[in-house]
Amino acid sequence: MSVIHTENVNTLGRSLCIITGASKGFGRTLTHQVVYLLKPRSVLLLVARSGILLQELRMELQSFCEEQQLLIQCITADLSTKDGVNETVTVARQQAVNEPDHVLLINNAGSLGEISSFVNFTDPGMVSSYMAFNVSSALALTAGILQAFPSSPALRWTVVNVSSLYALEASSSWVLYCTAKAARKMMFKVLAEDEPNVKVLSYSPGPMDTEMQEEIRRITGVSHHLFPCKESAAKLMKLLLENDFPSGEHIDFFEVQS
Ligand code: NDP
């Protein structure tokens with residue numbers, strides 16, 4: 001059963017916050033916003049394959065973090081691999097000594113995959129490799145972090161699944177992306193059932209101006225009206241601060257008031 005718990009505070013507490021896909025696009029913008037909501041002695045773990053971009057991001061935030069006693073750690077990892085997931089869990093586990101009040105895991109990393117007619121997907125290996133990153137790694141990472149920081153009534157625990165409208169709606173030629181987003185939505189609903197002390201949110205961030213959208217434009221030739229990442233990130237921060245969504249809920253950018 002879903003639990004509604006209203007906080008109405010302007011901080012996320014002394015947190016261990018993990019953001020996957022933090023090097024670019026939405027994840028990078030989320031990092032820029034979440035950092036202002038963390039209490040001193042929080043730790044922010046940023047995960048992506050591009051170590052250089054992560055280090056640049058860390059440098060951008062360094063003086064603020066020093067002032068606020070926040071620690072940022074970059075994890076250069078490929079989350080499509082077992083090693084990448086394990087390394088992220090290992091680094092997170094090392095943060096247990098900081099005894100966070102809140103564990104916040106934002107499963108943001110994702111990829112577009114091939115956009116093509118259904119009949120072209122005859123290679124099971126190619127499909128599995130897409131699902132390994134976009135579905136399996138989010139499950140394995142979330143499970144690993146939950147083992148490292150077991151949920152309890154005394155610990156605030158939040159998991160965000162960065163979702164999409166395509167988790168709910170079918171779109172021609174988008175079989176990989178729609179299937180993965182739909183699977184993730186169900187996966188995180190099951191988590192909400194399994195773990196009553198974990199607040200789970202599937203957030204569909206709306207059409208945003210990122211490299212992923214550039215790729216969509218290039219492949220399909222279609223351009224959409226796009227919103228800046230910061231608008232969508234601000235709505236996600238609002239949802240997290242208010243914390244009154246039922247666990248397991250799927251909420252769209254257009255449903256959240258600015
Ligand atoms: P981008 O392609 O701009 O960024 C994707 C991020 O994921 C990058 O930081 C990338 O870092 C990381 N990433 C990709 N592959 C891996 C990997 N194997 N291991 C670790 N990290 C990886 O995407 P967006 O910012 O646009 O999208 C972010 C999320 O929002 C995705 O889940 C997407 O599906 C969702 N979304 C986006 C929308 C949009 O309009 N942009 C609309 C709806 C949902 P690196 O390359 O350094 O590894």
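Order of appearance sets the numbers: ligands from 1, and atoms from 1 within every ligand. No hydrogens, no waters, no symmetry mates; every other heavy atom, side chains included, goes into these values.
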Does the N or O separation between G27 and ligand 1 drop below 3.5 Å for any pair? no
Is the closest N or O pair between S23 and ligand 1 shorter than 3.5 Å? yes
protein heavy-atom neighbour closest to atom 6 (C) of ligand 1 works out as G21 CA, 3.7 Å
Does a donor on one side chain and an acceptor on the other come within less than 3.5 Å for S232 and Y203? yes
Do V200 and N161 have side chains that approach each other closer than 4.5 Å (heavy atoms only, starting at C-beta)? no
At under 4.0 Å between heavy atoms, is it the side chain or the backbone of M212 that contacts ligand 1, or both, or neither? both
With a heavy-atom distance limit of 4.0 Å, tell me whether L112 approaches ligand 1 through its side chain, its backbone, both, or neither. neither
May I ask you to check if ligand 1 and M208 share an N or O to N or O distance below 3.5 Å? yes
Which option, I52, D78, I19, V47, owns the non-hydrogen atom nearest atom 18 (N) of ligand 1? D78
Checking side chain to side chain contact (heavy atoms under 4.5 Å, CB included) between V160 and each of L239, L240, L105, which is the one that passes? L240
Return the residue, atom name and 0.1 Å-rounded distance of the protein heavy atom closest to atom 30 (O) of ligand 1. V162 CG1, 3.3 Å
I'd like to know whether ligand 1 has Y177 as a neighbour, heavy-atom separation below 4.0 Å. yes
Taking only heavy atoms of E211, which atoms of ligand 1 are found under 4.0 Å from at least one of them? 3 (O)
Does a donor on one side chain sit under 3.5 Å from an acceptor on the other, for D83 and T81? no
Check each atom of ligand 1 against the heavy atoms of K24 and keep those under 4.0 Å away; list them by number with element. 9 (O), 46 (O)
Do V34 and F149 sit in one hydrophobic cluster, given that two such residues count as connected whenever their side-chain heavy atoms are within less than 4.5 Å of each other, even indirectly? no
Do Q95 and Q73 have side-chain N/O donor and acceptor atoms under 3.5 Å apart? yes
NZ (K238) with more than 12 external heavy atoms under 6.0 Å: yes
Given the rule that I, L, V, M, F, W and Y join up when any side-chain heavy atoms are under 4.5 Å apart, are L12 and L16 in one cluster? no
Quick one: does G206 get within less than 4.0 Å of ligand 1, heavy atoms only? yes
Any chain of hydrophobic side-chain contacts (each under 4.5 Å) joining L30 to V256? yes
Identify whether I72 and L57 are in the same connected component of the hydrophobic contact network (ILVMFWY, side-chain heavy atoms under 4.5 Å). yes
Let me check something: do I145 and V135 share a hydrophobic cluster, defined by ILVMFWY side-chain heavy atoms less than 4.5 Å apart, either directly or through other members? yes
Can you check whether F253's main-chain N or O pairs, donor with acceptor, with K235's side chain at less than 3.5 Å? yes
Any nitrogen or oxygen of F26, side chain or backbone, less than 3.5 Å from one on ligand 1? yes
Nearest protein heavy atom to atom 14 (C) of ligand 1, by residue and atom, and its distance? R49 NH2, 3.4 Å
Give the atoms of ligand 1, by number and element, whose distance to some non-hydrogen atom of P205 is under 4.0 Å. 36 (N), 43 (C), 44 (C)
Specify the protein heavy atom at minimum distance from atom 5 (C) of ligand 1: its residue, its atom name, and the distance to 0.1 Å. G110 O, 3.9 Å
Other members of the hydrophobic cluster containing M186, with the 4.5 Å side-chain heavy-atom rule, please. V190
Nearest protein heavy-atom contact for atom 19 (N) of ligand 1: which residue, which atom, what distance? L79 N, 2.8 Å
Going by the 4.0 angstrom heavy-atom rule, the piece of A77 near ligand 1 is backbone
Note: S163, heavy atoms under 4.0 Å from ligand 1, region reported as backbone
Quick note, salt bridge (Lys or Arg N to Asp or Glu O under 4.0 Å) partners involving residues 50-77, not counting sequence neighbours, are R28-E60
Name the closest protein heavy atom to atom 47 (O) of ligand 1, giving the residue it belongs to and the distance to 0.1 Å. S50 OG, 2.3 Å
Please find the pair of heavy atoms, one from T29 and one from C229, that lie closest to each other, and give the distance. OG1-CB, 3.3 Å
Under 4.0 Å from any heavy atom of A109, which atoms of ligand 1 are there? 7 (O), 21 (N)
Indicate yes or no: at least one non-hydrogen side-chain atom of W157 is less than 4.5 angstrom from one of N197. no
Distance to 0.1 Å, residue and atom name: give those for the protein heavy atom nearest to atom 41 (N) of ligand 1. T210 OG1, 3.1 Å
Does even one non-hydrogen atom of S111 get within less than 4.0 Å of ligand 1? no
Relative to the heavy atoms of P207, which atoms of ligand 1 are at a distance of less than 4.0 Å? 40 (O)
Does only the side chain of E215 get under 4.0 Å from ligand 1, or the backbone, or both, or neither? Count heavy atoms. neither
Minimum-distance protein heavy atom relative to atom 16 (C) of ligand 1: F133 CZ, 3.2 Å
Within-shell test, N108 vs ligand 1, heavy atom, strictly < 4.0 Å: yes
